[in-house]
Amino acid sequence: GIEQISEIVLNLKNFSRLDREKVSNFSVEEGLDSTLLLARNLLKNRVEVRKEYGHVPQIIGSPSQINQVFLNIITNAVHAMPERTEPNVITLHTSMEDQQTVRIDIEDNGKGIPEDVLPKIFDPFFTTKAPGEGTGLGLSQVFGFAKQSGGDVQVASIPGQGTTFTLYLPQEDPPAASAEDASASSH
């Protein structure tokens, strides 16, 4: 029990680092494992998690932000799982998209996202949850983080069959935009 407690405390410290902007080498696979540990109560007795890790190289990024992105997607996946006799499954798959880009697929066999809702899911404050159950900020944070990190996020969903979120994260930290670029884009 004490080992479990110390593991949870360590994961909480890693997950919610005070130095949120601190950038470091980071294993997305370890990040997924940390997130699963924190989401254990949400997952237990409801969802089977399958890991298909490709043992991808580390990326440079903010561990707390990346873990938050994973948690937002996994939480939404769990909430999309219907009560049924067949198992609810979340599959985590890591691979290399190309020589510089790590690809993370988070796939669920939940109820899927209706076609009319799909274009709005990354909009801030958009939610299909009942009042008081969601802020509508989780997936907009995922989108913002992906773009800020020089990566991308895509979603594919088939109503009644499930949804896959795919994150593309560069191994290197994106170069900071110069002041010149910032002023040119604001006009």
- [ ] Just jot down the side-chain contact (heavy atoms from CB on, under 4.5 Å) partners of Thr166, sequence neighbours excluded, or say none.
- [x]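 Listed in chain order: Arg103, Asp105, Thr164, Tyr168.
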Are the side chain of [X] and the backbone of [Y] linked by a donor-acceptor contact shorter than 3.5 Å?
X	Y	value
Gln65	Phe145	no
Asn109	Pro87	yes
Glu107	Ile90	no
Ser140	Asp123	no
Thr101	Glu97	no

Please report the interatomic distance [atom1]([X]) to [atom2]([Y]), rounded to the nearest 0.5 Å.
X	Y	atom1	atom2	answer
Ile66	Leu169	CD1	CG	6.0 Å
Ile106	Leu92	CD1	CG	6.0 Å
Leu42	Met81	CG	CE	10.0 Å

TODO: Please work out whether the ring planes of Phe122 and Phe165 are parallel, tilted or perpendicular, with thresholds of 30° and 60°.
DONE: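 Rings of Phe122 and Phe165: perpendicular, as their planes differ by over 60°.
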Open item on the list: Please determine whether residues Ile74 and Phe143 belong to a single hydrophobic cluster, defined as Ile, Leu, Val, Met, Phe, Trp and Tyr linked transitively by side-chain heavy-atom distances below 4.5 Å.
Closed with: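 Linked, Ile74 and Phe143 end up in one cluster.
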TODO: For residues Gln171 and Pro57, determine if any side-chain heavy atom of one lies less than 4.5 Å from a side-chain heavy atom of the other.
DONE: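 A side-chain contact exists here, since the closest heavy-atom pair is under 4.5 Å.
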Task: Ion pair Arg50/Glu48, N-O distance below 4.0 Å - done: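 Salt bridge flag = yes for Glu48 with Arg50.
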Open item on the list: Here's a test for you: under side-chain contact (heavy atoms from CB on, under 4.5 Å), which of Leu167, Val102, Asp33 qualifies with Val28?
Closed with: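 Only one option passes, and that is Val102.
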